[in-house]
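The figures here come from the full heavy-atom set of this structure, side chains too, leaving out hydrogens, waters and symmetry mates. All values derive from a computational prediction rather than experimental measurement.
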Amino acid sequence: MQEYVLKIKCNDEKGLIYRISDIVFKYRLNIQTNNEFVDQENNTFFMRSELIGDINIDEFIGNLEAVLPKNAEISCTHKNKKNIIILATKESHCLGDLLIKFDSGELNANIVSVVANHEVLRSLVERFNIPFEYVSADNLSREEHEQKVLDIMAKYDFDYVVLAKYMRILTPNFVQNYNNKIINIHHSFLPAFIGANPYKQAFERGVKIIGATAHFVNDNLDEGPIIVQDVININHEMSWKDMQKAGRACEKNVLAKALDLALEDRLFINENKVIVF
């Protein structure tokens with residue numbers, strides 16, 4: 001018996017659940033879990049089901065397409081571990097957390113490679129017997145550097161790109177290669193402090209909460225569809241370095257949670273929002 005995740009996004013109309021359930025029944029599949037949501041404003045139906053049985057996936061999807069609206073987006077995949085590739089720079093907290101989770105079996109993914117624009121993290125990555133690819137940006141334009149990164153990434157088979165504090169702005173050309181497949185962590189629950197040393201900026205502004213946002217990357221810097229956010233209360237006794245330490249802990253936790261949701265196929269992108277099941 002195989003386990004599958006079925007995801008459906010389509011125009012909402014009467015009888016959808018009946019029609020889907022009828023196909024599932026005809027294939028003698030057992031529904032382990034099921035979630036549904038209707039975006040009333042945009043008349044869009046979302047459904048995620050975990051199924052168990054034995055099917056020909058292409059045939060199964062074809063039968064669903066025959067009974068659903070013409071614009072239906074349907075995916076049915078085996079519940080297997082996915083592959084990820086990580087882009088990093090110098091900071092180790094998010095990368096280190098994912099490496100430890102990978103090593104202990106807590107991460108539901110295979111890390112196929114870490115690509116970085118500095119050598120700083122090589123020894124950390126190689127302790128876990130994961131390929132480390134160094135691509136220097138020295139004397140290269142942004143486009144030239146990105147092409148070298150893309151060439152290296154093309155050697156690997158992966159499902160998601162994870163930016164573990166990768167401190168370079170990606171061009172639209174890079175992003176379009178992996179549409180809705182790049183997950184980033186941002187050092188604020190709202191993108192209020194940008195540029196160098198955001199925690200010092202927040203400290204000087206006297207903020208009372210700090211946080212982190214994990215989101216999909218699109219052409220608008222740090223404004224892609226949000227997956228997970230979290231916040232931490234702070235007070236006047238904390239220095240900016242204390243805030244930075246607390247913020248980094250928040251960043252790695254939020255990134256790990258967002259990645260888990262993606263790896264479990266719990267996410268639907270709806271305009272510039274993410275539906276999370």
With sequence neighbours excluded, what pairs up with [X] under the side-chain hydrogen bond (donor to acceptor under 3.5 Å, both in side chains) test?
X: Asn42; result: Asp39
X: Tyr27; result: Glu59, Asn63
X: Lys101; result: Asp97
X: Asn117; result: Thr89

[atom1]/[X] to [atom2]/[Y] distance, rounded to the nearest 0.5 angstrom?
X: Phe46; Y: Ile8; atom1: CZ; atom2: CD1; value: 12.5 Å
X: Ile55; Y: Ile23; atom1: CD1; atom2: CD1; value: 11.0 Å
X: Leu16; Y: Glu13; atom1: CG; atom2: CD; value: 5.0 Å
X: Gln32; Y: Ile52; atom1: CD; atom2: CD1; value: 5.0 Å
X: Ile31; Y: Ser49; atom1: CD1; atom2: OG; value: 5.0 Å
X: Glu3; Y: Asn80; atom1: CD; atom2: CG; value: 9.5 Å

Parallel, tilted or perpendicular: which describes the rings of Phe158 and Tyr178, with under 30° parallel and over 60° perpendicular?
tilted
Following the transitive rule for hydrophobic clusters with a side-chain heavy-atom cut-off under 4.5 Å over Ile, Leu, Val, Met, Phe, Trp and Tyr, establish whether Phe25 and Leu29 coincide in one cluster.
no
Given the rule that I, L, V, M, F, W and Y join up when any side-chain heavy atoms are under 4.5 Å apart, are Leu95 and Val162 in one cluster?
yes
Within the side chain of [X], is there an N or O that forms a donor-acceptor pair under 3.5 Å with the backbone of [Y]?
X: Asn177; Y: Asn173; value: yes
X: Arg28; Y: Gly53; value: no
X: Asp242; Y: Ser239; value: yes
X: His93; Y: Lys252; value: no
X: Asn43; Y: Asn11; value: no
X: Lys81; Y: Leu263; value: no

Under the ring-ring contact (aromatic ring centres under 6.0 Å, His included) test, residues paired with Tyr4 that sit two or more places apart:
His78
With sequence neighbours left out, what residues match Phe102 under ring-ring contact (aromatic ring centres under 6.0 Å, His included)?
none
Nearest heavy-atom pair of Val114 and Ala88: which atoms, and what distance?
CG1-CB, 4.4 Å
Would you say the side chain of [Y] lies within less than 4.5 Å of the side chain of [X], judging by non-hydrogen atoms?
X: Val274; Y: Phe268; result: no
X: Val161; Y: Ile86; result: no
X: Asn272; Y: Asn218; result: yes
X: Glu119; Y: Phe132; result: yes
X: Ile275; Y: Leu267; result: no
X: Phe174; Y: Ile169; result: no

How about Lys82: does its NZ atom have over 12 heavy atoms from other parts shown lying under 6.0 Å from it?
yes
More than 12 foreign heavy atoms under 6.0 Å from CG of Asn139: is that the case here?
no
Among residues at least two apart in sequence or on other chains, which ones pass salt bridge (Lys or Arg N to Asp or Glu O under 4.0 Å) with [X]?
X: Lys79; result: Glu50
X: Lys26; result: Asp22
X: Glu73; result: none
X: Glu126; result: Arg122

Pairs satisfying salt bridge (charged side-chain N to carboxylate O under 4.0 Å, His left out), at least one member in residues 128-147, at least two apart
Glu133-Lys155
Within residues 86-95 or reaching into it, pairs that qualify as salt bridge (charged side-chain N to carboxylate O under 4.0 Å, His left out) - sequence neighbours excluded:
Glu91-Arg248
Between Lys273 and Glu271, does any side-chain N to carboxylate O distance fall below 4.0 Å?
no
Relative to Tyr160, does Lys181 satisfy both conditions: NZ or CZ under 6.0 angstrom from the six-membered ring centre, and within 45 degrees of the ring's axis?
yes
Checking Asn83 against Asn110: is there a side-chain donor and acceptor pair closer than 3.5 Å?
yes
The single option from Val67, Leu64, Asn34, Ile74 passing side chain to side chain contact (heavy atoms under 4.5 Å, CB included) against Ile20:
Leu64
